[in-house]
Amino acid sequence: MPDLTKLSKFLSLLLRHQADQFGLELDAQGFVAVDAVWKQVTKRYPGSFQYSDLLQVVDGDATGKKRFELVDGRIRALYGHSAVRAITYEPIEPPTLLYHGTSAHTLTAIRADGLQRQARQYVHLTTRFDRATQVGSRHGGQTIILTVRAADAYQSGVQFYHPETDHYLAEDIPAAFIDFPE
Ligand code: HQG
């Protein structure tokens, strides 16, 4: 049984974080020829995966979370980019509220400085409370769900983007637009 999580994490490494180190040149929307990516997969994990496994990872993980898309022979990570070239998206007006899962040890800093993109290119937000909980729990400690008054932030000039159904990206969000749990 192929380890699709391992494949997904390697694709994330290639497409979100280290494209240059693997000789992959992403375009402005993060796309690159899927053949070039598949070559890196078979080089790193010879005989471990079929191309159909890559297609299954693109379709979504066991929870239905979609991290990648494949269009006309070109693949990209939908979000989560860090050290690769700046990825651009069409700006969009967000829904009234969005969620962000984090850990309690970041709260003092977020209350002071708002939500910042940190090592990634954008702040990551979701329409789904369960997804925010899943993301926040990755950071260890007590998981905290922040509610972002996204429409108000948008009206004040914060740009939002919508790379995937459940996912929104934003520029840094001032604390004034964040509701913290009691
Ligand atoms: C925190 C996952 C101190 C922020 C998810 C987060 C996401 C601050 C951490 C994607 C801060 C950054 C990204 C401030 C924010 N001071 N800490 N001012 N502002 N933070 O991993 O959102 O499932 O870069 O709360 O789906 O956790 O892995 O961001 O805890 O889309 O594919 O700084 O990664 O995708 O951590 O996760 P991250 P994230 P996958």
Side-chain angles (χ1 to χ4, degrees), residues 3-19 26 29-32 37 41 53-70 75-89 92 94-95 97-150 153 156 158-181:
D3 182 345
L4 298 184
T5 300
K6 182 163 77 172
L7 177 55
S8 178
K9 286 181 184 283
F10 185 58
L11 291 176
S12 291
L13 183 73
L14 291 176
L15 297 169
R16 288 178 170 179
H17 309 303
Q18 294 188 4
L26 307 184
Q29 285 72 41
F31 283 103
V32 66
V37 169
V41 171
D53 296 324
L54 179 144
L55 297 177
Q56 191 173 342
V57 167
V58 168
D59 273 350
D61 71 8
T63 72
K65 185 168 190 174
K66 274 185 70 62
R67 296 179 172 87
F68 310 99
E69 69 175 339
L70 182 59
I75 189 172
R76 72 163 174 171
L78 287 161
Y79 50 80
H81 303 88
S82 62
V84 296
R85 66 168 295 169
I87 303 299
T88 57
Y89 304 87
I92 192 166
L97 299 177
L98 287 169
Y99 300 111
H100 176 88
T102 188
S103 51
H105 71 263
T106 67
L107 285 188
T108 304
I110 297 174
R111 282 184 194 277
D113 306 323
L115 277 173
Q116 297 181 343
R117 62 200 79 175
Q118 305 292 83
R120 295 191 202 250
Q121 295 180 6
Y122 299 98
V123 169
H124 285 61
L125 305 163
T126 179
T127 55
R128 290 176 48 170
F129 201 87
D130 63 332
R131 283 280 157 85
T133 304
Q134 178 199 29
V135 169
S137 66
R138 282 183 322 141
H139 294 284
Q142 182 195 355
T143 298
I144 301 290
I145 307 299
L146 303 179
T147 302
V148 173
R149 279 178 273 105
S156 82
V158 176
Q159 290 273 30
F160 286 79
Y161 311 98
H162 191 204
E164 194 268 338
T165 310
D166 303 320
H167 235 87
Y168 280 80
L169 303 176
E171 299 165 332
D172 294 356
I173 296 177
F177 299 109
I178 303 170
D179 291 334
F180 296 85

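Read the numbers this way: they start at 1 and go in the same order the structure lists the ligands and their atoms. These values consider heavy atoms only, across backbone and side chains, with no hydrogens, waters or symmetry-generated copies.
Looking only at side-chain heavy atoms (C-beta outward), V123 and L169 stay at 4.5 Å or farther from each other. Side-chain atoms of E164 and F68, non-hydrogen and from C-beta on, never get closer than 4.5 Å to each other. Counting heavy atoms from C-beta outward, F180 and I144 have side chains that stay 4.5 Å or more apart.
S82 and Q121 are not linked by any side-chain donor-acceptor pair at a separation below 3.5 angstrom, with hydrogens and angles left out of the test.
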Apply salt bridge (charged side-chain N to carboxylate O under 4.0 Å, His left out) to residues E69 and R76 and explain how you reach the verdict.
CA-CA 6 Å; E69 69 175 339; R76 72 163 174 171; 2.6 Å; yes
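Below 30°, between 30° and 60°, or above 60°: for H167 and Y79 the angle between ring planes is below 30°, a parallel geometry.
Near ligand 1, heavy-atom contacts under 4.0 Å come from R16, K65, R67, Y79, H100, T102, T106, A109, I110, D113, G114, L115, Q116, Q118, R120, H124, V135, R138, H139, H167.
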